[in-house]
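Predicted, not measured: the structure shown is a model, and the values here were computed from it. Chain identifiers are assigned alphabetically (A, B, ...) following the order of the sequence lines, protein sequences preceding nucleic acid strands; residue numbering begins at 1 within each chain.
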Amino acid sequence: MSEVTNYLCIGCPIGCRLTVEHEGEQIKDITGFACRRGRDFAEKEHTDPRRVVTTTVTLAGGQNIARLPVKSEKPVRKSEVPVICQKLQNMVVQAPVRIGQVVLPGATSDGINVVATRHVATS
Amino acid sequence: MQTTCACDVAVVGGGPAGLAAALGAKEGGAARVVLFDREKEAGGILWQCIHAGFGLHHFKEELTGPEYAQRFLDQARAAGVEIMTETFVLGIDADRRVRTLSPAHGMQVWECKAVVLAMGARERTRPAIHTPGTRPAGVMTAGLAQKLVNIMGFLPGRRAVILGSGDIGLIMARRLTLEGVEVEGVYEIMPHPGGLNRNIVQCLHDYDIPLHLSTTVSWVHGRDRVEGVTVTPVDSRLQPVPGAKGRFISCDTLLLAVGLIPENELSLQTGLALDPATGGPVVSSTMETTVPGIYACGNVLHIHDLVDYVTEEAMVAGWYAAGAVDGRRPDTIRLVRGPGIASCVPHTLSNRVEREQVIYLRVRQPMENCRLHFGEVFERRLRYAFPAETVRVTIKPEVLAEFPDGDLTVYLSE
């Protein structure tokens, strides 16, 4: 017996309403997308939903700022988003920092790094 | 003590608009381009917008705000733009004299061949929306909360209600949740969301934060600190539904994400004309205001939802400010807003150019499968149109050549 699940595409501002017809995990049909990205998003969102995590960590000795903005290098499993944030909560990064510098290596179960998203000079 | 300096193009404001305008001016051939920013570092609000989603159009990849800012800072420096930080612009006059004040140089008067206005916008505050109740601590704009959390390292409270579903409000709902603040819900007075659909999915749905449409905060409670708010459903005239009982929500923080206002205090000193529909200057297809030699771009001109469009528009402004084209060529077509169109930038077009012209529009109501008309000359189908989203239209030179001089009405139809 096939079921229908609806998703809203986050690929671009249009926000297509996507419909996935499926039997459990098995996708039968995807409709409602305006471009390839929408189709891919629906498939991914149904089987392995992921997001890029962006948050901040405590920064010591930074010029003008007290928090260092960071992101996951790749989209991580949605279920792991809170786990990563928890791991970062008690971290302290020492300035100076270069953009792209690895702040937490292998933050997820599949080994995705968390990196800095800005340069910080020392105060 | 006051010193007098000269430059080709002066850019006021170092956010995404200012940085792109300065780059555009360099590309347009200006020799001396000076950018003024009052902060310690140029980059503007991008530094506190730590989320991803920037640059999909311009760089074809998804960057965070700080990454986007860094790329433009690097490019502007490499191009030879002089970036003057901690520099406050005191005044600008119609003769393109810019008066600045800074710890490093004191008072300076800059005589400029062209000036680009890129001061951005301010957030609407509680007095702007007349929320009744007491006046305790804990009521703040979403952008201020963003600065506190992302830059300064303070949490605004423990349990928050967000009024307004603009993108900043949605982004902050997720931010606070990830930082351990409980977000009770987002309340929107309009029957439709103020922010982009993609933000509703990734910021609210992902974290099970409810969005209540056609509902507003009707009372703020608390003496020293916010103790709660009352929310009430509103009718189609945005007035509380008669007889409806409000619901009390216990919280210590109320974030306001109720819109942005273009920051034109300096612009007005030049005597330029403002468009009441956008709150920003009236501009030609070259982004020149009604005062010759003074250009505008970014949120000071009209409120944008994508930084990529800010960049695109600002590059145009800077390029023309540099005087890259031979002489000034006045536009001969005036765009008139017809049914369904809330705002439209630029305000005039030229039918004698060899380039594409870009028009940014906002619609009044959400619509599906509609048609956007430029007089009887040009039309485009739109699958969706939302008030929260800029509609960007490019018009090719051959199409423009067919536009007659005079008024051209832009309107939507089914």
Side-chain angles (χ1 to χ4, degrees), chain A residues 6-18 32-35 37-38 41 45 49-60 62-75 78-79 81-86 88-89 92 97-100 115-121 123, chain B residues 39-41 43 46-53 56-57 62-71 73-74 147-154 167 171 174-175 177-180 193 195-203 205-207 305-306 308-309 368 382-386 388-392:
Chain A
N6 295 306
Y7 297 100
L8 230 156
C9 184
I10 61 172
C12 86
I14 292 173
C16 287
R17 294 164 188 84
L18 309 167
F33 53 88
C35 76
R37 271 197 302 185
F41 173 78
E45 192 72 353
R50 283 172 180 260
R51 301 284 186 266
V52 170
V53 188
T54 57
T55 185
T56 61
V57 295
T58 304
L59 179 71
Q63 192 177 43
N64 306 328
I65 61 171
R67 304 291 296 178
L68 176 71
V70 298
K71 70 169 183 185
S72 61
E73 248 176 339
K74 290 176 193 155
K78 251 172 86 172
S79 56
V81 172
V83 183
I84 295 175
C85 289
Q86 214 142 44
L88 293 169
Q89 198 133 57
V92 179
V97 180
R98 299 292 299 169
I99 196 166
V115 298
T117 58
R118 74 173 285 181
H119 299 305
V120 187
S123 57
Chain B
E39 296 295 328
K40 288 190 168 135
E41 193 166 16
L46 285 170
W47 294 121
Q48 69 185 57
C49 299
I50 62 153
H51 52 280
L56 279 169
H57 294 259
E62 197 171 32
L63 301 173
T64 65
E67 290 169 324
Y68 196 89
Q70 192 61 53
R71 289 204 182 185
L73 266 178
D74 292 346
K147 184 176 181 175
L148 290 175
V149 174
N150 293 349
I151 307 259
M152 301 172 73
F154 299 112
D167 288 309
I171 295 283
R174 174 177 62 183
R175 252 333 263 144
T177 305
L178 286 179
E179 291 291 352
L196 302 173
N197 268 329
R198 56 194 311 239
N199 284 335
I200 293 183
V201 173
Q202 14 175 24
C203 299
H205 294 182
D206 276 6
Y207 299 93
D305 39 77
L306 291 182
D308 297 75
Y309 291 171
E368 272 185 48
L382 300 176
R383 240 182 107 204
Y384 299 105
F386 298 103
E389 254 166 49
T390 303
V391 179
R392 178 184 175 277

When rounded to the nearest 0.5 Å, the distance separating CD of Q202(B) from NZ of K78(A) is 10.0 Å

| request: Could you walk me through whether K71(A) and E62(B) pass salt bridge (Lys or Arg N to Asp or Glu O under 4.0 Å), step by step? | output: CA-CA 12 Å; K71(A) 70 169 183 185; E62(B) 197 171 32; over 6 Å; no

| query | Does atom NZ of K147(B) have more than 12 heavy-atom neighbours, drawn from other residues, nucleotides or ligands, at distances under 6.0 Å? | reply | no

The reported gap from CD1 in I10(A) to NE2 in H205(B) (rounded to nearest 0.5 angstrom) is 11.5 Å

Whatever's closer than 4.5 Å to a heavy atom in chain A on E179(B) counts as both

Salt bridge (charged side-chain N to carboxylate O under 4.0 Å, His left out) filter on E73(A), not counting sequence neighbours, yields none

One option among R174(B), M152(B), K40(B), E67(B) has the most heavy-atom pairs under 4.5 Å with chain A, and it is E67(B)

Hits for ring pair (Phe, Tyr, Trp, His ring centres under 6.0 Å) against Y309(B), two or more places apart or cross-chain, chain-then-number order -> H57(B), Y360(B)

Looking only at T117(A), L88(A), V52(A), the option with the highest number of non-hydrogen pairs under 4.5 Å against chain B is T117(A)

Separation between NE2 (H119(A)) and CG (D74(B)), nearest 0.5 Å, reads 5.5 Å

Looking only at heavy atoms, the pair that brings A34(A) and R383(B) closest together is CB-NH1, 2.7 Å

Highest number of heavy-atom pairs under 4.5 Å with chain B among R51(A), Q63(A), Q89(A) belongs to R51(A)

Max heavy-atom pairs within cutoff under 4.5 Å with chain A, candidates N199(B), I151(B), V149(B), L178(B), goes to I151(B)

What one should report as the nearest heavy-atom pair of P66(B) and P69(A) is CG-CG, 4.1 Å

Heavy atoms, side chains only, cut-off 4.5 Å: are I200(B) and L8(A) in contact?
no

Criterion side-chain contact (heavy atoms from CB on, under 4.5 Å) on Y384(B) and R17(A), from CA distance to verdict
CA-CA 11 Å; Y384(B) 299 105; R17(A) 294 164 188 84; 3.0 Å; yes

Next on the checklist: Before you tell me yes or no, could you show the steps for T64(B) and R118(A) under side-chain contact (heavy atoms from CB on, under 4.5 Å), namely the whole-Å CA-CA distance, both residues' side-chain angles and the distance that decides it to 0.1 Å?
Outcome noted: CA-CA 9 Å; T64(B) 65; R118(A) 74 173 285 181; over 6 Å; no

The interface call for F154(B) against chain A, heavy-atom contacts under 4.5 Å, is neither

Applying a strict 4.5 Å limit to non-hydrogen atoms, the region of Q70(B) in contact with chain A is side chain

Of the listed D206(B), L56(B), V201(B), the one with the largest count of heavy-atom pairs under 4.5 Å with chain A is D206(B)

